[in-house]
Protein chains: 2
Amino acid sequence: MPDAASPIAAPPKASAAKTPAPRDTQRIFSIAELAREFAITARTIRFYEDEGLLKPRRQGLTRLYSAGDRTKLSWILRGKRLGFSLAEIKELLDLYGVDRTGVQQMRELLRRSRLHIADLERKRRDLDAQIGEFKDVEAHVAAELKQRGVNPESD
Amino acid sequence: MPDAASPIAAPPKASAAKTPAPRDTQRIFSIAELAREFAITARTIRFYEDEGLLKPRRQGLTRLYSAGDRTKLSWILRGKRLGFSLAEIKELLDLYGVDRTGVQQMRELLRRSRLHIADLERKRRDLDAQIGEFKDVEAHVAAELKQRGVNPESD
DNA sequence: ATTGACGTTTACGTAAACGTTAACTATGAC
DNA sequence: GTCATAGTTAACGTTTACGTAAACGTCAAT
(Lines give C-alpha, C1' and ligand atoms only; values in the text may rest on other atoms or scores of the structure.)
Protein backbone atom coordinates (compact mmCIF):
# COMPACT_ATOMS: atom_id res chain seq x y z
CA MET A 1 0.00 0.00 0.00
CA PRO A 2 2.24 2.82 -1.26
CA ASP A 3 1.37 6.02 0.41
CA ALA A 4 2.94 8.67 -1.77
CA ALA A 5 0.87 11.38 -0.17
CA SER A 6 2.23 14.77 -0.95
CA PRO A 7 1.90 17.63 1.52
CA ILE A 8 -1.73 18.37 1.97
CA ALA A 9 -2.38 21.41 -0.15
CA ALA A 10 0.25 20.75 -2.76
CA PRO A 11 1.49 24.14 -3.88
CA PRO A 12 2.40 23.98 -7.55
CA LYS A 13 5.95 24.72 -6.65
CA ALA A 14 7.97 23.35 -9.47
CA SER A 15 7.04 20.86 -12.17
CA ALA A 16 10.32 19.05 -12.32
CA ALA A 17 11.43 16.56 -14.89
CA LYS A 18 8.11 15.16 -15.96
CA THR A 19 4.52 16.13 -15.69
CA PRO A 20 3.51 14.11 -12.64
CA ALA A 21 0.91 11.86 -14.22
CA PRO A 22 -1.97 14.12 -15.17
CA ARG A 23 -4.11 11.03 -15.54
CA ASP A 24 -3.48 10.19 -11.92
CA THR A 25 -4.37 13.65 -10.77
CA GLN A 26 -7.54 13.51 -12.77
CA ARG A 27 -8.61 10.12 -11.46
CA ILE A 28 -11.85 9.78 -9.63
CA PHE A 29 -12.60 7.08 -7.13
CA SER A 30 -15.75 5.38 -6.03
CA ILE A 31 -16.47 5.00 -2.37
CA ALA A 32 -15.97 1.25 -2.58
CA GLU A 33 -12.65 1.70 -4.28
CA LEU A 34 -11.33 3.90 -1.51
CA ALA A 35 -12.81 1.60 1.10
CA ARG A 36 -10.91 -1.32 -0.39
CA GLU A 37 -7.69 0.57 -0.79
CA PHE A 38 -7.61 1.77 2.80
CA ALA A 39 -9.25 -1.28 4.32
CA ILE A 40 -12.12 0.59 5.88
CA THR A 41 -15.86 0.45 5.22
CA ALA A 42 -17.86 2.80 3.04
CA ARG A 43 -19.83 3.65 6.15
CA THR A 44 -16.67 5.00 7.69
CA ILE A 45 -15.99 7.22 4.70
CA ARG A 46 -19.53 8.57 4.75
CA PHE A 47 -19.18 9.17 8.43
CA TYR A 48 -16.11 11.29 7.84
CA GLU A 49 -18.18 13.31 5.42
CA ASP A 50 -20.95 13.75 7.99
CA GLU A 51 -18.31 15.04 10.34
CA GLY A 52 -17.13 17.53 7.77
CA LEU A 53 -13.78 15.96 7.01
CA LEU A 54 -14.50 15.16 3.38
CA LYS A 55 -16.70 16.82 0.79
CA PRO A 56 -16.63 14.73 -2.39
CA ARG A 57 -18.21 15.88 -5.61
CA ARG A 58 -21.60 14.43 -6.38
CA GLN A 59 -23.19 13.09 -9.48
CA GLY A 60 -26.78 12.93 -8.47
CA LEU A 61 -26.51 11.19 -5.14
CA THR A 62 -23.43 9.17 -5.86
CA ARG A 63 -20.19 10.40 -4.37
CA LEU A 64 -17.20 10.92 -6.60
CA TYR A 65 -13.81 11.23 -4.93
CA SER A 66 -10.94 13.15 -6.48
CA ALA A 67 -7.27 12.45 -5.99
CA GLY A 68 -7.26 15.26 -3.44
CA ASP A 69 -10.09 13.61 -1.55
CA ARG A 70 -8.12 10.40 -1.53
CA THR A 71 -5.07 12.19 -0.19
CA LYS A 72 -7.17 13.77 2.52
CA LEU A 73 -8.55 10.40 3.48
CA SER A 74 -5.10 8.95 3.76
CA TRP A 75 -4.18 11.91 5.91
CA ILE A 76 -7.18 11.38 8.15
CA LEU A 77 -6.27 7.76 8.68
CA ARG A 78 -2.72 8.61 9.51
CA GLY A 79 -3.96 11.10 12.05
CA LYS A 80 -6.12 8.39 13.56
CA ARG A 81 -3.22 6.00 13.82
CA LEU A 82 -1.39 8.68 15.72
CA GLY A 83 -4.23 8.88 18.21
CA PHE A 84 -5.88 12.11 17.18
CA SER A 85 -9.64 12.43 17.39
CA LEU A 86 -11.66 13.21 14.30
CA ALA A 87 -12.36 16.64 15.71
CA GLU A 88 -8.66 17.38 16.02
CA ILE A 89 -7.98 16.07 12.55
CA LYS A 90 -10.74 18.23 11.18
CA GLU A 91 -9.22 21.29 12.77
CA LEU A 92 -5.88 20.53 11.18
CA LEU A 93 -7.40 19.87 7.79
CA ASP A 94 -9.33 23.10 8.03
CA LEU A 95 -6.14 24.98 8.69
CA TYR A 96 -5.12 24.48 5.10
CA GLY A 97 -8.47 25.38 3.70
CA VAL A 98 -8.41 28.72 5.41
CA ASP A 99 -7.84 31.84 3.44
CA ARG A 100 -4.11 32.31 3.51
CA THR A 101 -4.12 35.83 2.12
CA GLY A 102 -4.62 37.73 5.34
CA VAL A 103 -1.70 38.37 7.63
CA GLN A 104 -3.85 37.62 10.60
CA GLN A 105 -4.80 34.22 9.18
CA MET A 106 -1.21 33.42 8.38
CA ARG A 107 -0.14 34.23 11.88
CA GLU A 108 -2.86 32.00 13.22
CA LEU A 109 -1.80 29.21 10.88
CA LEU A 110 1.78 29.60 12.03
CA ARG A 111 0.75 29.53 15.67
CA ARG A 112 -1.36 26.42 15.28
CA SER A 113 1.32 24.67 13.28
CA ARG A 114 3.82 25.27 15.99
CA LEU A 115 1.47 24.03 18.67
CA HIS A 116 0.81 20.92 16.68
CA ILE A 117 4.48 20.34 16.08
CA ALA A 118 5.11 20.56 19.80
CA ASP A 119 2.38 18.00 20.35
CA LEU A 120 3.86 15.70 17.75
CA GLU A 121 7.31 15.99 19.22
CA ARG A 122 6.03 15.05 22.61
CA LYS A 123 4.46 12.05 21.02
CA ARG A 124 7.76 11.16 19.50
CA ARG A 125 9.43 11.26 22.87
CA ASP A 126 6.77 8.91 24.21
CA LEU A 127 7.25 6.71 21.20
CA ASP A 128 11.00 6.54 21.44
CA ALA A 129 10.75 5.69 25.11
CA GLN A 130 8.42 2.79 24.42
CA ILE A 131 10.46 1.55 21.51
CA GLY A 132 13.53 1.61 23.73
CA GLU A 133 11.81 -0.35 26.45
CA PHE A 134 10.56 -2.99 24.11
CA LYS A 135 13.88 -3.33 22.40
CA ASP A 136 15.39 -3.94 25.81
CA VAL A 137 12.85 -6.65 26.43
CA GLU A 138 13.59 -8.16 23.07
CA ALA A 139 17.32 -8.13 23.67
CA HIS A 140 17.08 -9.62 27.14
CA VAL A 141 14.71 -12.36 26.18
CA ALA A 142 16.65 -13.24 23.07
CA ALA A 143 19.86 -13.39 25.12
CA GLU A 144 18.28 -15.56 27.76
CA LEU A 145 16.93 -17.97 25.16
CA LYS A 146 20.28 -18.15 23.48
CA GLN A 147 21.98 -18.86 26.77
CA ARG A 148 19.65 -21.77 27.21
CA GLY A 149 20.64 -23.08 23.85
CA VAL A 150 17.33 -22.20 22.25
CA ASN A 151 17.24 -20.54 18.89
CA PRO A 152 15.05 -17.44 19.25
CA GLU A 153 14.44 -17.29 15.50
CA SER A 154 12.56 -20.52 15.03
CA ASP A 155 9.02 -19.30 15.02
CA MET B 1 -4.90 17.82 25.40
CA PRO B 2 -3.58 19.39 28.53
CA ASP B 3 0.02 19.21 29.39
CA ALA B 4 0.41 16.65 32.13
CA ALA B 5 2.72 16.58 35.05
CA SER B 6 6.33 15.60 35.07
CA PRO B 7 7.04 12.03 34.05
CA ILE B 8 9.06 11.15 37.08
CA ALA B 9 8.47 13.55 39.89
CA ALA B 10 10.12 13.08 43.20
CA PRO B 11 9.84 15.37 46.19
CA PRO B 12 13.37 16.52 46.98
CA LYS B 13 12.42 16.54 50.61
CA ALA B 14 13.66 14.38 53.43
CA SER B 15 16.92 13.23 54.87
CA ALA B 16 20.22 12.16 53.40
CA ALA B 17 19.68 10.67 50.00
CA LYS B 18 22.33 8.05 50.17
CA THR B 19 21.02 5.07 48.26
CA PRO B 20 19.30 6.43 45.22
CA ALA B 21 15.81 5.29 46.05
CA PRO B 22 15.04 3.23 49.10
CA ARG B 23 12.63 5.74 50.52
CA ASP B 24 11.12 6.47 47.14
CA THR B 25 10.57 2.82 46.39
CA GLN B 26 8.75 2.46 49.67
CA ARG B 27 6.42 5.37 49.17
CA ILE B 28 2.72 4.77 48.98
CA PHE B 29 0.30 7.07 47.24
CA SER B 30 -3.35 7.85 47.77
CA ILE B 31 -5.66 7.84 44.82
CA ALA B 32 -6.06 11.61 45.03
CA GLU B 33 -2.33 12.08 45.04
CA LEU B 34 -1.88 10.14 41.83
CA ALA B 35 -4.87 11.85 40.29
CA ARG B 36 -3.32 15.24 40.98
CA GLU B 37 0.09 14.27 39.77
CA PHE B 38 -1.10 12.92 36.45
CA ALA B 39 -3.94 15.38 36.01
CA ILE B 40 -6.65 12.74 35.78
CA THR B 41 -9.60 12.00 38.04
CA ALA B 42 -9.82 9.34 40.72
CA ARG B 43 -12.66 7.89 38.73
CA THR B 44 -10.28 7.24 35.88
CA ILE B 45 -7.85 5.43 38.13
CA ARG B 46 -10.59 3.26 39.55
CA PHE B 47 -11.76 2.56 36.04
CA TYR B 48 -8.33 1.31 35.08
CA GLU B 49 -8.53 -1.03 38.04
CA ASP B 50 -11.94 -2.28 36.94
CA GLU B 51 -10.38 -3.02 33.58
CA GLY B 52 -7.61 -4.98 35.21
CA LEU B 53 -4.78 -2.55 34.49
CA LEU B 54 -4.01 -1.80 38.12
CA LYS B 55 -4.34 -3.83 41.31
CA PRO B 56 -3.41 -1.63 44.24
CA ARG B 57 -3.04 -2.95 47.74
CA ARG B 58 -5.98 -2.34 50.03
CA GLN B 59 -6.28 -1.32 53.60
CA GLY B 60 -9.85 -2.14 54.29
CA LEU B 61 -11.56 -0.55 51.34
CA THR B 62 -9.08 2.22 50.76
CA ARG B 63 -6.65 1.77 47.91
CA LEU B 64 -2.95 2.14 48.51
CA TYR B 65 -0.71 2.61 45.51
CA SER B 66 2.92 1.54 45.50
CA ALA B 67 5.70 3.14 43.48
CA GLY B 68 5.27 0.28 41.04
CA ASP B 69 1.61 1.06 40.67
CA ARG B 70 2.50 4.64 40.00
CA THR B 71 4.97 3.63 37.32
CA LYS B 72 2.34 1.43 35.73
CA LEU B 73 -0.10 4.29 35.71
CA SER B 74 2.39 6.53 34.02
CA TRP B 75 2.97 3.77 31.50
CA ILE B 76 -0.74 3.43 30.85
CA LEU B 77 -1.08 7.12 30.20
CA ARG B 78 1.83 7.13 27.82
CA GLY B 79 0.24 4.27 25.95
CA LYS B 80 -2.94 6.26 25.70
CA ARG B 81 -1.14 9.29 24.35
CA LEU B 82 0.27 7.04 21.66
CA GLY B 83 -3.22 6.01 20.67
CA PHE B 84 -3.44 2.55 22.14
CA SER B 85 -6.68 1.29 23.59
CA LEU B 86 -6.87 0.20 27.21
CA ALA B 87 -7.27 -3.38 26.04
CA GLU B 88 -4.01 -3.17 24.10
CA ILE B 89 -2.23 -1.55 26.99
CA LYS B 90 -3.47 -4.25 29.31
CA GLU B 91 -2.08 -6.91 27.00
CA LEU B 92 1.28 -5.26 27.00
CA LEU B 93 1.31 -4.82 30.75
CA ASP B 94 0.37 -8.44 31.19
CA LEU B 95 3.30 -9.49 29.04
CA TYR B 96 5.63 -8.55 31.84
CA GLY B 97 3.61 -10.25 34.49
CA VAL B 98 3.69 -13.54 32.67
CA ASP B 99 5.78 -16.37 33.95
CA ARG B 100 9.10 -15.91 32.22
CA THR B 101 10.58 -19.24 33.22
CA GLY B 102 9.24 -21.39 30.41
CA VAL B 103 10.88 -21.36 27.02
CA GLN B 104 7.49 -21.33 25.35
CA GLN B 105 6.48 -18.25 27.31
CA MET B 106 9.71 -16.49 26.51
CA ARG B 107 9.29 -17.17 22.85
CA GLU B 108 5.79 -15.77 23.01
CA LEU B 109 7.05 -12.70 24.82
CA LEU B 110 9.72 -12.22 22.20
CA ARG B 111 7.21 -12.57 19.41
CA ARG B 112 4.79 -10.10 20.93
CA SER B 113 7.55 -7.63 21.65
CA ARG B 114 8.66 -7.71 18.07
CA LEU B 115 5.13 -7.25 16.81
CA HIS B 116 4.69 -4.30 19.08
CA ILE B 117 7.98 -2.79 18.02
CA ALA B 118 6.92 -3.07 14.40
CA ASP B 119 3.69 -1.29 15.30
CA LEU B 120 5.57 1.44 17.11
CA GLU B 121 7.95 1.92 14.25
CA ARG B 122 5.13 2.33 11.84
CA LYS B 123 3.76 4.96 14.15
CA ARG B 124 7.06 6.69 14.11
CA ARG B 125 7.07 6.81 10.34
CA ASP B 126 3.59 8.34 10.45
CA LEU B 127 4.76 10.76 13.05
CA ASP B 128 7.89 11.82 11.21
CA ALA B 129 5.87 12.35 8.07
CA GLN B 130 3.43 14.63 9.88
CA ILE B 131 6.17 16.51 11.63
CA GLY B 132 7.86 17.06 8.29
CA GLU B 133 4.70 18.36 6.71
CA PHE B 134 3.99 20.76 9.49
CA LYS B 135 7.53 22.02 9.56
CA ASP B 136 7.18 22.75 5.87
CA VAL B 137 4.03 24.69 6.57
CA GLU B 138 5.76 26.56 9.33
CA ALA B 139 8.70 27.43 7.14
CA HIS B 140 6.60 28.55 4.21
CA VAL B 141 4.26 30.66 6.26
CA ALA B 142 7.07 32.24 8.22
CA ALA B 143 8.91 33.05 5.00
CA GLU B 144 5.83 34.53 3.43
CA LEU B 145 5.19 36.71 6.46
CA LYS B 146 8.78 37.84 6.50
CA GLN B 147 8.64 38.72 2.85
CA ARG B 148 5.68 40.90 3.60
CA GLY B 149 7.67 42.66 6.23
CA VAL B 150 5.73 41.10 9.07
CA ASN B 151 7.54 39.75 12.07
CA PRO B 152 6.24 36.21 12.59
CA GLU B 153 7.35 36.20 16.22
CA SER B 154 5.10 38.90 17.60
CA ASP B 155 2.31 36.97 19.11
C1' DA C 1 -21.99 16.59 67.46
C1' DT C 2 -21.52 18.50 63.26
C1' DT C 3 -18.70 19.87 59.46
C1' DG C 4 -15.47 18.86 55.92
C1' DA C 5 -12.15 16.33 53.45
C1' DC C 6 -11.27 12.17 51.63
C1' DG C 7 -12.44 7.62 50.70
C1' DT C 8 -15.85 3.87 49.03
C1' DT C 9 -19.59 1.15 45.86
C1' DT C 10 -23.40 1.05 42.63
C1' DA C 11 -25.30 2.58 38.73
C1' DC C 12 -27.06 5.38 35.13
C1' DG C 13 -25.41 8.84 31.48
C1' DT C 14 -22.65 10.35 27.50
C1' DA C 15 -19.57 11.41 23.47
C1' DA C 16 -16.91 9.40 19.84
C1' DA C 17 -16.56 6.35 16.11
C1' DC C 18 -18.28 3.61 13.81
C1' DG C 19 -21.44 -1.30 12.78
C1' DT C 20 -25.68 -2.96 11.22
C1' DT C 21 -29.94 -3.64 9.37
C1' DA C 22 -33.76 -1.71 6.56
C1' DA C 23 -35.67 0.15 2.71
C1' DC C 24 -34.93 2.19 -1.35
C1' DT C 25 -32.61 3.84 -6.24
C1' DA C 26 -29.84 3.64 -10.42
C1' DT C 27 -27.44 1.02 -13.93
C1' DG C 28 -25.70 -2.31 -16.84
C1' DA C 29 -26.18 -7.46 -18.15
C1' DC C 30 -28.93 -10.96 -19.97
C1' DG D 1 -38.48 -7.22 -17.98
C1' DT D 2 -35.64 -8.60 -14.10
C1' DC D 3 -31.51 -9.80 -11.84
C1' DA D 4 -27.20 -8.49 -9.84
C1' DT D 5 -24.30 -4.94 -8.30
C1' DA D 6 -23.24 -0.67 -6.27
C1' DG D 7 -24.91 3.24 -4.52
C1' DT D 8 -28.10 5.99 -1.27
C1' DT D 9 -30.54 7.81 3.38
C1' DA D 10 -32.31 6.99 7.93
C1' DA D 11 -32.08 5.21 12.18
C1' DC D 12 -31.04 2.25 15.90
C1' DG D 13 -27.15 -0.58 18.18
C1' DT D 14 -22.40 -1.13 20.15
C1' DT D 15 -17.96 -0.41 22.27
C1' DT D 16 -14.69 2.47 24.66
C1' DA D 17 -13.53 5.51 28.18
C1' DC D 18 -14.78 7.70 31.20
C1' DG D 19 -18.43 11.63 33.85
C1' DT D 20 -21.75 12.23 37.25
C1' DA D 21 -24.59 11.71 40.90
C1' DA D 22 -26.41 9.08 45.04
C1' DA D 23 -25.67 7.19 49.30
C1' DC D 24 -22.57 5.84 52.52
C1' DG D 25 -18.05 5.13 55.85
C1' DT D 26 -13.88 7.28 58.47
C1' DC D 27 -11.38 10.40 60.81
C1' DA D 28 -9.60 15.09 62.36
C1' DA D 29 -10.84 19.44 63.65
C1' DT D 30 -14.12 22.83 65.31
Side-chain angles (χ1 to χ4, degrees), chain A residues 27-66 69-70 72-94 119 123 126, chain B residues 1-2 4-5 27-66 69-70 72-94 119 123 126:
Chain A
R27 268 214 66 183
I28 60 160
F29 304 85
S30 75
I31 195 169
E33 218 168 342
L34 290 183
R36 266 197 315 278
E37 177 176 359
F38 293 107
I40 57 183
T41 69
R43 171 72 177 91
T44 298
I45 298 178
R46 290 191 200 103
F47 180 73
Y48 293 162
E49 182 176 350
D50 288 348
E51 298 295 301
L53 293 152
L54 292 172
K55 294 136 211 151
R57 229 176 80 218
R58 291 227 180 191
Q59 178 177 284
L61 287 182
T62 304
R63 295 161 171 87
L64 299 179
Y65 297 86
S66 70
D69 291 329
R70 177 178 161 286
K72 266 195 185 180
L73 179 53
S74 137
W75 213 85
I76 292 166
L77 297 174
R78 191 171 67 191
K80 287 218 62 199
R81 287 196 301 268
L82 293 175
F84 293 101
S85 73
L86 291 187
E88 291 167 319
I89 294 170
K90 175 173 163 50
E91 265 207 72
L92 296 173
L93 280 177
D94 289 350
D119 192 1
K123 244 165 215 187
D126 283 339
Chain B
M1 282 179 285
R27 267 214 66 183
I28 60 159
F29 304 85
S30 75
I31 195 167
E33 218 168 341
L34 290 184
R36 266 197 315 278
E37 176 178 356
F38 293 108
I40 57 182
T41 68
R43 172 71 176 92
T44 298
I45 298 178
R46 290 191 200 102
F47 180 74
Y48 292 162
E49 181 176 350
D50 287 346
E51 298 296 300
L53 294 159
L54 292 171
K55 292 137 210 154
R57 226 178 78 219
R58 291 223 179 195
Q59 177 176 281
L61 287 182
T62 303
R63 293 161 171 85
L64 300 178
Y65 296 86
S66 69
D69 290 330
R70 178 179 161 284
K72 266 195 186 183
L73 178 54
S74 136
W75 212 86
I76 292 166
L77 297 175
R78 191 172 68 191
K80 285 215 63 196
R81 288 196 301 271
L82 292 176
F84 293 102
S85 73
L86 292 187
E88 290 168 320
I89 294 170
K90 174 173 163 50
E91 264 206 71
L92 295 173
L93 281 177
D94 289 351
D119 193 3
K123 249 168 208 182
D126 284 340

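For A/R81 against B/K123, the heavy-atom pair with the smallest separation is O-CE, 3.0 Å. Summarising the geometry of A/I45 relative to A/L34, their closest heavy-atom pair is CD1-CB, 3.9 Å, with the distance given to 0.1 Å. Scanning both residues, B/A35 and B/A42, for their nearest heavy atoms gives CB-N, 3.9 Å. Residues A/K80 and A/I89 come closest through the heavy atom pair N-CD1, 3.6 Å. Annotation for B/R63 and B/I31: closest pair CD-CD1, 4.3 Å, computed over non-hydrogen atoms. Nearest heavy-atom pair, B/D69 versus B/P56, reported as atom, atom and distance to 0.1 Å: OD2-CA, 3.7 Å.
A straight line from NZ of B/K90 to C1' of D/dT16 spans 16 Å, rounded to a whole angstrom. Between the C1' atom of D/dT9 and the CD atom of A/E49 lies a distance of 12 Å, rounded to the nearest Å. Here the C1' atom of nucleotide D/dA17 and the CG atom of B/L53 are 11 Å apart, to the nearest Å.
Judged by the 6.0 Å and 45° rule, B/K72 forms no cation-pi pair with B/Y65.
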List, with names and distances, any nitrogen or oxygen atoms from the protein found under 3.5 Å away from nitrogen or oxygen atoms belonging to nucleotides 5-9 of chain C.
| unit_1 | atom_1 | unit_2 | atom_2 | d |
| --- | --- | --- | --- | --- |
| C/dG7 | OP1 | B/S30 | OG | 3.3 |
| C/dG7 | OP1 | B/A32 | N | 3.3 |
| C/dT8 | OP1 | B/R63 | N | 3.0 |
| C/dT8 | OP1 | B/R63 | NH1 | 3.0 |
| C/dT8 | OP2 | B/R46 | NE | 3.1 |
| C/dT8 | OP2 | B/R46 | NH2 | 2.8 |
| C/dT8 | O5' | B/R63 | NH1 | 3.3 |
| C/dT9 | OP1 | B/R58 | NH1 | 2.9 |
| C/dT9 | OP1 | B/R58 | NH2 | 3.2 |
| C/dT9 | OP1 | B/R63 | NH2 | 3.4 |
| C/dT9 | OP2 | B/R63 | NH1 | 2.9 |
| C/dT9 | OP2 | B/R63 | NH2 | 2.9 |

Contact pattern, 5' to 3', of nucleotides 13-29 of chain C - B, S or - by protein heavy atom under 4.0 Å: ----BBBB---------
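Remark: B/D50 does not engage B/R46 in a salt bridge, criterion side-chain N to carboxylate O under 4.0 Å.
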